[in-house]
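Report on the following structure.
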Amino acid sequence: MKFKYIYTLLTLIIALYFVPANAQTKHKAKKPAAKAAVKKAAPKPAVKKPAKPLTAQQKTAKGLGDAVAKAAADTTKKGGKNDSGISGNLSEEIVVTTAYKPVLADAVKIRRNPDLEDKTPFKAPLVYIPIDKRLELNTSIKPLEAMKRPAEQDSVPTNNYVKVGLGSLKTTYGEAYFANGRDEALQIGGYLKHFAQNGTLDKQNSAKEEVGVFGKSTGELNNISGRITYNYNSNYFYGYDQLNPPTILQVDKQHFSTLAAEGELAKNYKDVDNDFTYALKLKGYTFSNAYQAKESNVVLSGFLNQTINQFYAGLAASLDLTTQKDSLYDHNNSLVRLNPYIKFQGDNYKIDAGVNIVDQFGYKSAFYIFPAARAELQVIPKYVRLFVEAKGDVNRSSIHDFSMINPYLGQNIDLANSVDQLDIAAGIKGTIAPGFGFKATIFRNEVKNMPLFVSDFNFTTGYNRFKVIYDPGRSRVSGLTGELDYKFSEDVDIFGRVEFKDYQMATVDEPWNLPKFKLTAGTVFRIDNKISVSGTLLIRGSTMDPYQVQTGATTFTNASIASFADLSAGVDYKATNRLSVFVHVNNILNAGSQTWLFYPEYGFNIFGGVGYSF
């Protein structure tokens with residue numbers, strides 16, 4: 001290996017030395033005696049051994065040596081043998097003056113077929129989308145932006161609604177509402193209602209119909225609102241002692257018709273200092289029943305109020321004119337009320353101080369001055385308030401109001417105004433948690449001429465009506481009321497009210513037909529946007545009636561009406577944005593309850609139907 005390296009190096013030196021000297025301009029040489037250049041005979045080719053693979057350095061040296069040797073061989077004319085084998089001499093010297101340029105014949109052919117397959121890769125065109133957002137480099141905390149109110153569930157508002165249904169006990173039900181739409185300046189609409197049922201007892205039928213129109217117009221300074229309604233209720237006198245049925249029974253039909261109207265003018269509320277506000281309201285009704293009872297009433301009321309910083313001063317007044325007529329009387333029973341007041345209000349307190357002046361005139365004249373005061377103190381800001389109040393008033397006896405409470409009254413009801421001489425109450429109210437409101441009140445009232453509904457039965461003649469009596473002395477009513485409203489979310493709402501009362505009557509033995517305990521509760525669950533479930537519960541304590549019931553051979557006692565619970569429920573399914581289906585179930589417990597003696601309520605009943613909005 002060393003010999004090969006030495007040979008290659010010597011060949012390179014000789015080439016570098018002789019090639020420049022011989023690369024001259026072509027000219028004729030002198031003719032000295034030329035030395036015979038004897039070419040040695042070439043030795044026989046020996047058998048070659050397989051050559052070892054060359055390294056990269058060896059390949060480079062070998063290639064360079066071959067190039068130099070070939071260049072040296074081409075610059076001189078070598079002698080050689082002729083065809084006969086006799087060697088000859090050179091006749092002239094040839095000098096190569098150009099660089100060696102290999103020709104195609106000297107190239108070594110690559111024995112490999114070219115790749116004719118087109119494998120050009122596909123490059124998708126680039127699409128540039130600029131971000132429509134400014135790049136902010138400031139690192140300070142930015143204020144929160146107001147969140148846009150989410151869209152309402154019903155994107156298309158509906159102004160009208162119709163609901164109809166049928167059910168057991170020959171129940172027929174219908175409601176309809178109409179309005180002009182969402183116009184803040186003008187609202188006009190009307191409604192229709194109908195509900196009728198037939199019980200299991202003979203003539204245990206009742207029906208209620210109502211129709212009304214309303215409107216409200218809002219101006220820049222004032223707003224005007226009003227309504228006109230007509231109610232028609234009917235029922236029969238079907239009550240009697242089921243254990244001792246009478247041979248004669250006056251099962252007559254009773255109905256009550258009420259046409260009412262009201263209008264109000266009020267100043268719009270403005271959040272300004274030292275504002276002057278006022279309102280004026282006129283309302284009235286005419287009432288009649290199936291017999292000769294009639295009643296007309298007109299009430300004109302209003303108030304004026306001036307605000308000075310945290311100080312309020314004002315005057316409220318009303319004129320109540322009433323005429324009452326039945327087969328045995330026709331008289332006027334009217335009242336005038338004046339209520340001057342002052343109010344102080346701060347961040348943690350509110351004080352109302354005033355008096356209520358009442359003048360009664362008509363069939364009876366009387367003049368009263370009652371306190372009208374109230375104070376509130378905030379003990380836990382925004383959560384809990386304590387309050388106390390003291391007030392008094394005159395309660396006008398009304399044929400209409402009594403008939404709405406007890407529809408089984410007879411003719412010529414005794415009418416005498418009752419007087420709340422002093423009502424004192426104290427309590428606590430507030431919000432324990434978001435959506436959890438409560439109110440608890442303890443009270444003690446003094447009432448003069450307390451009205452009571454008692455039986456006036458005479459089953460020998462088949463008479464099964466009630467009448468009104470009064471406790472002429474000072475009756476005291478003490479008790480506790482509690483209210484709760486827990487609204488978990490927009491989908492769950494639970495509410496309830498409980499009352500405990502203790503009666504100390506002045507002259508009568510018992511608070512006839514007045515319960516000492518009453519609980520009303522309800523709930524609404526919205527399962528999703530389509531299904532909602534509602535339920536109500538009424539629990540009423542036992543009451544007493546002066547009707548004498550025979551309990552033994554000769555013993556008679558006052559009739560007792562047992563306590564009862566009434567549970568009802570309903571399911572509404574919204575099939576589409578306009579069409580809905582509902583089912584209501586009343587008196588699920590089927591307790592056979594009685595609100596009035598010998599007049600049992602309707603038992604278990606179910607009805608359902610469809611509703612459509614447009």
Donor-acceptor contact below 3.5 Å, side chain [X] vs main chain [Y]:
X	Y	value
R526	E490	yes
S397	A416	yes
Y232	V211	no
D393	D420	no
N406	Y408	yes
D252	Y236	no
Q204	P600	yes
N590	F604	yes
T555	T551	no
E510	V508	no

Within this structure, what is the [atom1]-[atom2] distance for the pair [X] and [Y], rounded to the nearest 0.5 Å?
X	Y	atom1	atom2	result
Y230	L192	OH	CG	13.5 Å
L338	S318	CG	OG	8.0 Å
N513	T595	CG	OG1	9.5 Å
L321	N297	CG	CG	8.0 Å
K516	L514	NZ	CG	10.5 Å
F495	K487	CZ	NZ	11.0 Å

Is [Y] close to [X] at the side-chain level, that is, under 4.5 Å between some pair of heavy atoms?
X	Y	answer
F256	N235	yes
F466	F457	yes
N464	F459	yes
F564	R540	yes
M544	W512	yes
Q254	P407	no
S475	Y503	no
D423	F370	no

Residues in salt bridge (Lys or Arg N to Asp or Glu O under 4.0 Å) contact with [X], at least two apart in sequence or another chain:
X	value
E295	none
D566	none
D572	K163

Which pair of heavy atoms, one from [X] and one from [Y], lies closest together, and at what distance?
X	Y	result
L409	K467	CD2-N, 4.2 Å
L249	G239	CD1-O, 4.0 Å
Y341	A316	CE2-N, 4.1 Å
E209	A207	OE2-CB, 3.9 Å
T523	D493	OG1-O, 3.0 Å
Y240	P246	CD1-CD, 3.6 Å

Side-chain donor-acceptor pair under 3.5 Å between [X] and [Y], yes or no?
X	Y	answer
S327	N412	yes
S334	N332	yes
N605	Q197	yes

With a 4.0 Å cut-off on N to O distance, would you call [X] and [Y] a salt bridge?
X	Y	answer
D352	K391	no
R497	E499	yes
R374	E389	yes

Self-check item: Residue pairs passing the salt bridge (Lys or Arg N to Asp or Glu O under 4.0 Å) test where at least one lies in residues 395-419, sequence neighbours excluded
Solution: D320-R396
Please list every donor-acceptor pair under 3.5 Å in which a side-chain atom of residues 360-368 meets a protein atom from a residue at least two apart or in another chain.
{"unit_1": "Q360", "atom_1": "OE1", "unit_2": "N417", "atom_2": "ND2", "d": "3.4"}
{"unit_1": "Y363", "atom_1": "OH", "unit_2": "L415", "atom_2": "O", "d": "3.2"}

Exercise. Might you work through the side chain to side chain contact (heavy atoms under 4.5 Å, CB included) test for Y238 and S206, ending with a clear yes or no?
Key: CA-CA 11 Å; Y238 62 89; S206 66; over 6 Å; no
Which donor-acceptor pairs under 3.5 Å do side chains of residues 427-456 form with protein atoms, sequence neighbours excluded?
{"unit_1": "K429", "atom_1": "NZ", "unit_2": "E376", "atom_2": "OE2", "d": "3.1"}
{"unit_1": "S455", "atom_1": "OG", "unit_2": "D545", "atom_2": "OD1", "d": "2.5"}

Practice problem: Could you tell me if the ring centre of F607 sits under 6.0 Å from that of F195? | Solution: yes
Look at the aromatic rings of [X] and [Y] and report parallel, tilted or perpendicular, splitting at 30° and 60°.
X	Y	value
F582	Y173	perpendicular
H400	Y285	tilted
Y329	H331	parallel

Practice problem: Decide side chain to side chain contact (heavy atoms under 4.5 Å, CB included) for F214 and T229; before the verdict, give the C-alpha distance in whole Å, the side-chain angles of both, and the deciding distance to 0.1 Å. | Solution: CA-CA 9 Å; F214 59 86; T229 60; over 6 Å; no
Exercise. Please say whether the positively charged group of R385, taken as NZ for Lys or CZ for Arg, lies over the ring of F387, i.e. under 6.0 angstrom from the six-membered ring centre and within 45 degrees of the axis.
Key: no
Self-check item: Within 45° cone of Y191 ring axis and under 6.0 Å: K193 NZ or CZ
Solution: yes
Quiz prompt | Within 6.0 Å of OH in Y383, more than 12 heavy atoms from elsewhere | solution = no
Quiz item: Do L319 and V298 pass the side chain to side chain contact (heavy atoms under 4.5 Å, CB included) test, and can you show the C-alpha distance, the side-chain angles, and the key distance before you say yes or no?
Solution: CA-CA 8 Å; L319 176 61; V298 176; over 6 Å; no
Practice problem: Walk me through it: do M404 and N233 pass the test side chain to side chain contact (heavy atoms under 4.5 Å, CB included)? | Solution: CA-CA 9 Å; M404 294 300 103; N233 301 340; 4.0 Å; yes
